[in-house]
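Here is the structure we will look at.
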Amino acid sequence: MTERLSDTARAEALQTLTGWFHDEVSDAITREVRFKDFRTAFGFMTQVALSAEKLGHHPDWSNSYGRVVITLSTHDAGGLTEKDIALAKIIDALV
């Protein structure tokens, strides 16, 4: 099982990400991304899905037209782990 990040490691990791917000209660990070239309948003989600599949780590997300909301947390660890940070960095690069 993957270990949750310590408070210090989490704070350091969040400084390397763009636009992600930490929810202390759920120990998850969330980012909202807006696109010009549904097709562009869906194309982005497809790219994220392929990367997530390679990592074996999948986001919780929703889509409404050009808006995508992504939440990352490692459920079996009960919070934020290196897996989440790795996927967030890939997502940042795709935006």
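The analysis underlying the following values was restricted to heavy atoms, covering all of them including side chains, and did not include hydrogens, waters or symmetry mates.
- Separation of atoms CG (Leu72) and CH2 (Trp61) is listed at 10.0 Å; rounding is to 0.5 Å.
- Between Arg10 and Asp7, at least one side-chain N (NZ, or NE/NH1/NH2) sits under 4.0 Å from a carboxylate O, which counts as a salt bridge.
- Under the 4.5 Å side-chain heavy-atom criterion for grouping Ile, Leu, Val, Met, Phe, Trp and Tyr, Val69 is not connected to Leu80 through any hydrophobic cluster.
- With rounding to the nearest 0.5 Å, the separation of CD1 in Ile70 from CD1 in Ile91 is 4.5 Å.
- Remark: side-chain polar atoms of Asp84 are paired, donor with acceptor, to backbone N or O of Ser73 under 3.5 angstrom.
- Placement of Phe38 and Val68 in two distinct hydrophobic clusters is found when ILVMFWY residues are connected by side-chain heavy-atom separations under 4.5 Å, directly or transitively.
- Thr74 and Thr81 share a side-chain donor-acceptor pair at under 3.5 Å.
- Atom OG1 of Thr18 is separated from atom CG of Asp92 by 4.5 Å, given to the nearest 0.5 angstrom.
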All N/O donor-acceptor pairs, side-chain side in residues 43-51, below 3.5 Å, sequence neighbours left out:
from  : atom 1 : to    : atom 2 : distance (Å)
Thr46 : OG1    : Phe42 : O      : 2.9
Ser51 : OG     : Gln47 : O      : 3.3

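- Residues Lys36 and Tyr65 come closest through the heavy atom pair O-CE2, 3.9 Å.
- With hydrogens and angles ignored, the 3.5 Å screen pairs no side-chain donor or acceptor of Asp23 with any backbone N or O of Ala28.
- In this structure a side-chain-to-backbone donor-acceptor pair under 3.5 Å is missing from Ser64 to Arg67.
- In terms of hydrophobic clustering, with Ile, Leu, Val, Met, Phe, Trp and Tyr side chains grouped at heavy-atom distances under 4.5 Å, Val95 and Ile85 are assigned to a common cluster.
- Side-chain contact between Glu3 and Glu82: absent, with no pair of heavy atoms (C-beta onward) separated by less than 4.5 Å.
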Next on the checklist: side chain to side chain contact (heavy atoms under 4.5 Å, CB included), that's the test. Do Leu17 and His22 meet it? Break it down for me.
Outcome noted: CA-CA 11 Å; Leu17 302 175; His22 180 249; over 6 Å; no
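- Side-chain heavy atoms closer than 4.5 Å link hydrophobic residues (I, L, V, M, F, W, Y) into clusters, and following such links, possibly through other members, connects Leu55 to Ile29.
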